[in-house]
Amino acid sequence: MTLSRLAELTADPAACFVLIARDGADTVELLSGDVVDVDLLADIPLTIDGTSREIFAMVPYRQVRERGFVAQDDGAPLRCVIVDEHLHLPTSQLLAALPTAPVPLHDDGFDIADAEYAAIVEKVIAEEIGRGEGANFVIRRDFTADIDMDDRTAALTWFRALLTHERGAYWTFAVFTPGHIAVGASPEAHVVAREGVVTMNPISGTFRHPAGGATKETLIDFLASTKETEELFMVVDEELKMMSAVCSDGGRITGPHLKEMSRLTHTEYMLRGRSTLDPRDILRETMFAPTVTGSPMQNACAVIRRHERKPRGYYSGVAALFTPNADGGHDLDAPILIRTVYLQDGELSVPVGATLVRHSDPQGEVSETHGKAAGVLGAIGAIDRDRVAEARSDADAPAEERALADDPQVAALLSSRNARLAEFWLNPQGEEFTGPFVGRTALVVDAEDRFTTMLAHQLRHLGLTVTIAGWSEVQDADLDAADLVVAGPGPGDPRDLQNRRIARMREVVARRLDAGAPLLAVCLSHQILADRLGVALTPLDAPHQGLQKSVPVFGENASIGFYNTFTARVAPETTTVGPAEVSADAASGDVFALRGAHFASVQGHLESILSRDGIRTLERLVSHAFA
């Protein structure tokens, strides 16, 4: 019955259906129903005529505009399948029924040549990361080809190949709707919400298995990479910003783990917290994963808009399954749309991206996009080693895959990473805050870096009642009413007086200083405060993006994470500037912290997972501001 139903759907060119194989399951789910396209996430019809419905949604990248972020608009629909039928097909029986004939590719290659892509990488590193626009950015290009086969038959063939040859995928899926076919094996659960628990799964770092498969030795070399380690820490920081926005307990980190797939291995963490939000709101606040966009998220979208040649379609969006639960609400399961083949009218597209950080090598990032495309195309049987650089054919795979994460040396190397991280985010925090500042209020002014959500959570942990307001919406009356104003971090050049955001943050800092009212300034706002005190601002020789340093902070050394491209700098051995005490690097004069009557500031991000002494230092600086 179930296989015949699939045959009926496949034969009907107007039928809409979805196949999903979830990690560890021995069945494939078949969902079918009518399609409706909606404008906003809030419009996803979880309830129809008073009845809770199961909904499968394809959420395109362009939906980031719901958060006020920029995106090229290609009109890719927010497409919903209203599930009328949800069947489970035994995987072994389904494999026997799916087509197996090869699907030859023609006119295949990347839409952007290697040399052009390398030039884009160099430009992003120099002009975006180099001038303080963010810590990391993902720039994509597409592998494209033509096929001489019916799109649905090709997609089913490739879905079978993924079920057979790919391992470790969170979802293996095929989606058939009018004008849009997608088939893929996503390694990453972007966000899951079940029984009030929200889980996010940041994955970063890509180890391409050599011919013959991964070995302990080659994997250890990968795990020892500074670039790969810092890349993972930065995306964890970015996703914790999202968790702190949707979870009352801020979120807790577990891991790291290895995500071992057939041709690639990644490193990952799991983030968990509790939330009572509607799952559509959770999805909106977590659009989209920094692993496929960058950080800070808002500026990453702007960088993508400046440097990518065409709109993203569904790449880096999510597939989202909303399922009614026993509490009368809906659970959410939403993997990222990566490692995915898109088919339309005989044309294939595989979007892939590399994460660019300050350590990036342009040729290495070119190679990473080749490896990611080859991972998808090799898994579906569409290429061999000669078709895409650095591909690996099935013949190269070892006869028996080994779980390298079980090796004691590998496990110890992974575990050792947590020694660098803040215990605050590794340990349960609870939701009852009874810190030293109970009864006082704080207003956090967001300068377009949602590190403010993590900062707000830490301030609540210290007992403060916290409100966050964006720089463009905060009113002077709000600034005057708060017991403490926290002028937050943000991207950009603090010297750029023509920038409206920078100008407004200067007004925020000046208003509190002039009133003699408690103020804490962080990162960008620390630089603005320093400038007002007469301290010179200058670009760093190399950006400090995701850099952990042990620095002096008024008599105590503190391990703090830094995300800055500019610094305030005084002459070496300077300890005071006007009314302010200075904590600075003894050799360079780079200013790490300032404090004076009712104000304090810090260059680093005390809320970052890299700030092992973050909560302690935050409490000290807030105490001084209140003194």
Side-chain angles (χ1 to χ4, degrees), residues 5-21 28-37 55-62 74-83 85 89 94 97-108 111 142-164 166 169 171-186 310-321 335-352 373 376-377 379-383:
R5 179 57 178 149
L6 176 60
E8 291 174 5
L9 292 167
T10 302
D12 180 0
C16 303
F17 64 99
V18 182
L19 294 166
I20 302 171
V28 175
E29 298 167 64
L30 171 61
L31 293 70
S32 60
D34 294 331
V35 162
V36 59
D37 294 341
I55 303 293
F56 173 86
M58 290 284 284
V59 183
Y61 173 76
R62 64 192 286 263
D74 54 359
L78 172 45
R79 176 150 291 180
C80 302
V81 177
I82 303 170
V83 179
E85 190 174 41
L89 315 179
L94 177 63
L98 292 174
T100 60
V103 184
L105 305 185
H106 308 288
D107 299 324
D108 52 304
D111 61 341
D142 295 354
F143 185 92
T144 63
D146 295 333
I147 63 170
D148 295 328
M149 182 181 288
D150 170 71
D151 287 352
R152 290 195 169 204
T153 302
L156 289 171
T157 301
W158 292 337
F159 180 69
R160 184 188 187 282
L162 290 172
L163 288 177
T164 303
E166 186 57 277
W171 270 25
T172 302
F173 59 90
V175 181
F176 301 84
T177 66
H180 292 272
I181 294 177
V183 57
S186 176
K310 60 186 180 183
R312 285 194 163 199
Y314 291 99
Y315 171 68
S316 74
V318 297
L321 183 61
I336 300 175
L337 288 169
I338 53 175
R339 313 295 162 80
T340 299
V341 180
Y342 298 94
L343 272 170
Q344 187 171 6
D345 300 327
E347 296 182 358
L348 164 153
S349 175
V350 180
V352 292
V376 177
L377 296 164
I380 65 176
I383 60 166

Working to the nearest 0.5 angstrom, can you tell me the gap between Leu94 CG and Leu163 CG?
6.5 Å
Exercise: do Arg79 and Thr177 side chains pair donor with acceptor under 3.5 Å:
yes
Nearest-0.5 Å distance that lies between atom CD1 in Ile181 and atom CG in Leu348
11.5 Å
For Asp12 and Ala14, indicate whether the former's side chain and the latter's backbone hold a donor-acceptor pair under 3.5 Å.
yes
Shortest non-hydrogen contact from Phe173 to Leu337?
CZ-CD2, 3.8 Å
Answer whether the closest heavy-atom distance between the side chains of Leu78 and Met58 falls below 4.5 Å.
no
Rounded at 0.5 Å granularity, tell me how far OH in Tyr61 sits from OH in Tyr315.
10.5 Å
Heavy atoms of Pro13 and Arg152 approach each other most closely as O-NH2, 3.3 Å
At their closest point, which heavy atom of Leu9 faces which heavy atom of Ser32, and how far apart are they?
CD1-CB, 4.0 Å
Measure the spacing between CD1 of Ile55 and SG of Cys80 and express it to the nearest 0.5 Å.
6.0 Å
Minimal non-hydrogen separation, Leu162 against Ala379, with atom names
CD2-CB, 3.6 Å
Asp111 (side chain) donor-acceptor with Asp142 (main chain) under 3.5 angstrom:
yes
Is the shortest side-chain N to carboxylate O distance from Arg312 to Asp74 below 4.0 Å?
no
Please assess Val175 against Val183 for the test side chain to side chain contact (heavy atoms under 4.5 Å, CB included), listing each intermediate value before the final yes or no.
CA-CA 6 Å; Val175 181; Val183 57; over 6 Å; no
To the nearest 0.5 Å, how far apart are OG1 in Thr144 and CG in Asp146?
7.5 Å
Taking Asp151 for the side chain and Gly346 for the main chain, is one N or O donor matched with an acceptor at less than 3.5 Å?
yes
Thinking salt bridges, do Arg339 and Glu166 make one under a 4.0 Å N-O criterion?
no
Measuring only between side-chain heavy atoms, which start at C-beta, is Arg5 closer than 4.5 Å to Leu89?
no
For the residue pair Ile147 and Leu343, what are the closest heavy atoms and their distance?
CD1-CD2, 3.7 Å
When you compare the side chain of Val341 with that of Val376, does any pair of heavy atoms fall below 4.5 Å?
yes
Can you list the steps and then say if Val350 with Leu377 is a side chain to side chain contact (heavy atoms under 4.5 Å, CB included)?
CA-CA 8 Å; Val350 180; Leu377 296 164; 3.9 Å; yes
Where is the tightest heavy-atom contact between Gly313 and Ala76, given as atom of each residue plus distance?
CA-CB, 4.2 Å
If you round to the nearest 0.5 Å, how far is OG of Ser316 from CD1 of Ile338?
9.5 Å
Do Thr157 and Leu98 touch side chain to side chain, with heavy atoms closer than 4.5 Å?
no
Using the rule given for side chain to side chain contact (heavy atoms under 4.5 Å, CB included), can you reason through Leu6 versus Leu19, listing the C-alpha separation, both sets of side-chain angles and the distance that settles it, and then say yes or no?
CA-CA 10 Å; Leu6 176 60; Leu19 294 166; 4.3 Å; yes
According to ring pair (Phe, Tyr, Trp, His ring centres under 6.0 Å), who are the partners of Phe176, at least two apart in sequence or on a separate chain?
Phe17
Counting the benzene-type ring for Trp, do His180 and Tyr342 have ring centres under 6.0 Å apart?
no
Verify side chain to side chain contact (heavy atoms under 4.5 Å, CB included) between Leu30 and Glu85, making sure each step is shown before the conclusion.
CA-CA 8 Å; Leu30 171 61; Glu85 190 174 41; 5.6 Å; no
Taking the side chain as everything from C-beta on, heavy atoms only, tell me whether Val81 gets closer than 4.5 Å to Leu31.
no
Test item: Asp34 and Cys16 side chains (from C-beta on) under 4.5 Å apart, heavy atoms
no
